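Notes to accompany the following structure.
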Number of protein chains: 2
Amino acid sequence: MQLSSRFTIAVHVFACIEIFKNQYKITSDFLASSINVNPVIIRKLLGQLKEADLIVVQRGSGGANLAKSAEQITLLDIYNAVECVDHGNLFHFHENPNQNCPVGKNIHSALDGQLFRIQSAMENEMKRITIAEIINDIKLKIRENDPSEDSI
Amino acid sequence: MQLSSRFTIAVHVFACIEIFKNQYKITSDFLASSINVNPVIIRKLLGQLKEADLIVVQRGSGGANLAKSAEQITLLDIYNAVECVDHGNLFHFHENPNQNCPVGKNIHSALDGQLFRIQSAMENEMKRITIAEIINDIKLKIRENDPSEDSI
DNA sequence: TTTCGTTGTAACTATTGATTTTACAACAAA
DNA sequence: TTTGTTGTAAAATCAATAGTTACAACGAAA
């Protein structure tokens, strides 16, 4: 099972905010058109990112901006903000193992530590990558593929 | 979004096979009762594990056994066998970013490398853990909590 | 103070995938 | 040929994501 697309959509949102902030007002319609999803999906996502203090959204007049510099925002921050993982656990344990079976009774506690190690390995890697790096990569690709986009 | 419970159920299956193989015939009903799910769920899961050459299942007479030693089976082997991840990708990309937007056009290729690094970190950690270790941990817990289970 | 574009949110639908359940043919050994 | 299993199909249920419409609340600017 794959993780939801909210995470990659959120990264896309950050990239648009940073890259277009001097040219356009970053509304949910603007973002929705770049990402190609319904504006309401974006507004809900922006709500989660705002809740996590990663962005600021103007009511009324409209527009989203980063709440801190792109160097200070990691992929883990974004992941934690939008991926609703049950109690922070990536792995889903089957609910009711038979407590009368020695294995059923002990599997959970025996496995928990190892699953935590695996999840931590993933999260530590996410923590190392900032959206500033991602945005930089995107800008490089744009200059490479579309030198005409001189404003970026 | 969490991964499916098939993975932890599969680990539970391996633990039962190894721990009870000298006492009981390991049928899908036996496993289903320890795990507390429907036997058909187990039979489908056993099918995936068999397909990946991790276990052997006797038709007719019944019973499952490991296809190789527990030291040779890693959590990654099990994960790959049962977690149907699209093209091996943990992360789900939103389908149709706007190709007329410089960000929409380049986000995918710019992000792919980083997502691969994250996923690899997780998979490398999984590769380091064998089910022999897990089974050992479970046996320790059993002796700790139920010294009466002398047969284990 | 009215208008305008926008956000926040509710309500509903659709879709996807996991999970459960019943049923039964195929199978192998006793 | 009986018995206990596995393999598998089909259908039902459930949960989460994803998409859509609608509209009140909001803030700035006319």
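Just so you know, these numbers come straight off a predicted model, no measurement behind them.
- With rounding to whole Å, B:K25 atom NZ is found 14 Å from C:dA28 atom P.
- Between A:S28 and C:dT7, a side-chain N or O to OP1/OP2 separation shorter than 4.0 Å is present.
- Ring geometry, B:F91 versus A:F7: the interplanar angle falls from 30° to 60°, so the pair is classed tilted.
- In this structure, the CZ atom of B:F7 is 19 Å from the C1' atom of C:dT19, given to the nearest Å.
- Taking atom OH of residue A:Y24 and atom C1' of nucleotide C:dG5, one finds them 18 Å apart after rounding to whole Å.
- For residues 59-73 of chain B, the set of pairs meeting the salt bridge (Lys or Arg N to Asp or Glu O under 4.0 Å) definition, not counting sequence neighbours, is empty.
- Within the structure, salt bridge (Lys or Arg N to Asp or Glu O under 4.0 Å) pairs that include any residue of residues 39-57 of chain A do not occur (at least two apart or interchain).
- Distance, A:I26 CD1 to C:dT6 C1': 14 Å, rounded to whole Å.
- Between B:N38 atom CG and D:dA9 atom C1' the separation is 14 Å, expressed in whole Å.
- Judged as a salt bridge (Lys or Arg N to Asp or Glu O under 4.0 Å), the pairs with a partner in residues 111-133 of chain A (not counting sequence neighbours) are, in order, A:R117-B:E125, A:E125-A:R128, A:E125-B:R117.
- Annotation: of the two residues near DNA chain D, A:G60 and A:I9, the 5′-most nearest-nucleotide partner is A:I9.
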Subject >> Under 4.0 Å protein heavy-atom contact, by nucleotide of nucleotides 8-18 of chain C - B base, S sugar-phosphate only >> reply: BBBB------S

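- Rounded to a whole Å, the CD1 atom of B:I35 is 12 Å from the P atom of C:dT19.
- Tested against A:I131 for a side-chain contact (heavy atoms from CB on, under 4.5 Å), the candidates A:L75, A:I138, A:N136 yield a single pass: A:L75.
- Atoms CG (B:N36) and C1' (C:dT20) sit 13 Å apart, rounded to a whole Å.
- As judged by a 4.0 angstrom heavy-atom cut-off over every strand, A:G62 is placed among residues touching the sugar-phosphate backbone only.
- Evaluation of the side-chain contact (heavy atoms from CB on, under 4.5 Å) rule for A:Q99 yields A:P97, A:K105 as partners, not counting sequence neighbours.
- What separates CD1 of B:I41 from C1' of D:dA12 is a distance of 13 Å, to the nearest Å.
- Every residue meeting the ring pair (Phe, Tyr, Trp, His ring centres under 6.0 Å) condition with A:H94, not counting sequence neighbours, appears here in chain and number order: B:H12.
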